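We number each residue from 1, following the sequence as shown. All of these numbers come straight from a predicted model, not from anything done at the bench. Side chains are part of it too, since the values below use all heavy atoms of this structure and drop only hydrogens, waters and symmetry mates.
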Amino acid sequence: MRILVCISNVPDTTSKITFSNDNTVFNSNGIQYIINPYDEIALSRAVELAEGGKGTVTVINVGDASTEPTIRKALAIGADDAVRVNSQPRDAWFVANQIANYAKEQNFDLILTGRESIDYNGAQVAALLGELLNLPSVSIAKKLEIQDNNATIDREIEGGKEVLTVSLPVVVGTAEGVAEPKIPNMRGIMGARTKPLQVLEPIAVNELSNISKYESPAPRGAVKLVEDVDQLVQLLRSEAKVI
């Protein structure tokens with residue numbers, strides 16, 4: 001079984017986010033980057049499925065040379081090889097087209113993404129890939145099992161879960177529960193240095209969207225300490241106006 005895992009290079013959640021040029025440009029100075037956590041779940045499940053000679057795992061990233069440490073970590077976790085499309089990821093449409101252009105001639109049995117990236121939270125790439133490759137796609141997968149030529153997927157829906165059986169090949173957007181993220185060991189880290197990393201130039205894609213401005217979340221209000229229940233009730237009524 002050949003598995004392709006799509007990984008994003010995202011800011012660590014502990015990084016302080018700022019913008020420049022009148023809030024039109026994300027300021028990457030001093031930012032620590034990591035594998036998108038949902039993509040890391042997808043990668044960990046792919047490695048589990050391929051263990052024991054049952055398959056191979058390729059990771060693909062759309063990004064410039066600065067993303068290669070993230071790619072090497074993915075190789076250290078257990079991917080067999082990697083592909084980097086040499087371009088800044090403009091939006092989900094651009095990214096999905098780059099990945100689809102590579103995948104369409106590779107005959108992958110399973111394509112995994114995270115449910116969304118933690119920087120833009122768009123949750124679009126899995127569905128776009130399915131459409132571009134003419135494959136079924138299932139998002140917000142909480143469990144993924146492969147048996148023969150079928151994938152059984154537990155999918156999160158509003159108010160419960162849905163269990164699907166889909167013939168391979170399929171695109172799956174994974175969420176928590178599919179696998180526990182793997183921590184690379186020293187052998188994996190050393191081996192990652194020599195695993196193949198192919199660099200491809202991007203294809204031309206029509207620009208369907210652009211970022212006009214970034215805005216930071218509104219600051220949290222000050223905390224007011226109360227001494228008794230009567231005062232709390234009074235504040236909820238007079239200030240918060242929720243009762």
Could you tell me whether a side-chain N or O of Asp39 sits under 3.5 Å from a main-chain N or O of Ser8, the two making a donor and an acceptor?
yes
Looking only at non-hydrogen atoms, find the nearest pair between Pro136 and Ser167 and report the distance.
CG-O, 4.4 Å
Hey, does the side chain of Arg237 reach the backbone of Val242 with a donor-acceptor pair shorter than 3.5 angstrom?
no
Do Phe26 and Pro11 make a side-chain contact, defined as non-hydrogen atoms from C-beta onward lying under 4.5 Å apart?
yes
Test item: Asn97 side-chain N/O and Val205 main-chain N/O as donor-acceptor pair under 3.5 Å
no
Can Tyr120 be reached from Ile31 by stepping across I, L, V, M, F, W or Y side chains whose heavy atoms are under 4.5 Å apart?
yes
Minimum heavy-atom distance Ala141-Val172, with the two atoms named
CB-CG1, 3.5 Å
Can you tell me how far CD of Glu145 sits from CG of Asn150, rounded to the nearest 0.5 angstrom?
13.0 Å
Should the heavy atoms of other residues, nucleotides or ligands under 6.0 Å from CG of Asn149 be counted, would the total exceed 12?
yes
Checking side-chain hydrogen bond (donor to acceptor under 3.5 Å, both in side chains) against Asn9, which of Thr70, Thr67, Asp119 comes through?
Thr70
Could you tell me whether Glu51 atom CD has more than 12 heavy atoms of other residues or ligands within 6.0 Å of it?
yes
Backbone N or O of Val57 within a donor-acceptor pair of the Asp80 side chain at under 3.5 Å?
yes
Check whether any side-chain N or O of Lys195 sits under 3.5 Å from a backbone N or O of Ala79 as a donor-acceptor pair, and report yes or no.
yes
Taking the side chain from Asp12 and the backbone from Tyr33, do they hold a donor-acceptor pair closer than 3.5 Å?
no
If you measure from the Lys or Arg side-chain nitrogens to the Asp or Glu carboxylate oxygens, is any gap between Lys143 and Glu156 under 4.0 Å?
no
Using the rule side-chain contact (heavy atoms from CB on, under 4.5 Å), only one of Val171, Leu49, Val5, Leu4 pairs with Leu110; which is it?
Leu49
Are the side chain of Asp64 and the backbone N or O of Ser66 linked by a donor-acceptor pair below 3.5 Å?
yes
Kindly say whether Gly63 contributes a backbone atom to a donor-acceptor pair with the side chain of Arg84 at under 3.5 angstrom?
yes
Could you tell me the separation between the CD1 atom of Ile111 and the OG atom of Ser137, rounded to the nearest 0.5 Å?
10.5 Å
Any side-chain heavy-atom pair of Ile3 and Asp109 under 4.5 Å:
no
Check: Asn36 side chain, Glu116 main-chain N or O, donor-acceptor pair, under 3.5 Å
yes
Inspect the surroundings of CD in Glu227 and state if more than 12 heavy atoms from other residues, nucleotides or ligands are less than 6.0 Å away.
no
Backbone N or O of Ser212 within a donor-acceptor pair of the Thr24 side chain at under 3.5 Å?
no
Please round to the nearest 0.5 Å and tell me the distance separating atom CD1 of Ile41 and atom NZ of Lys142.
8.0 Å
Hey, what do you get for CD (Gln231) to CG (Asp228), rounding to the nearest 0.5 Å?
5.5 Å
Heavy-atom pair with the smallest gap, counting every atom of Gln124 and Ala92:
CB-CB, 3.7 Å
Between the side chains of Lys182 and Glu40, is the shortest nitrogen-to-carboxylate-oxygen separation below 4.0 Å, so that they form an ion pair?
no
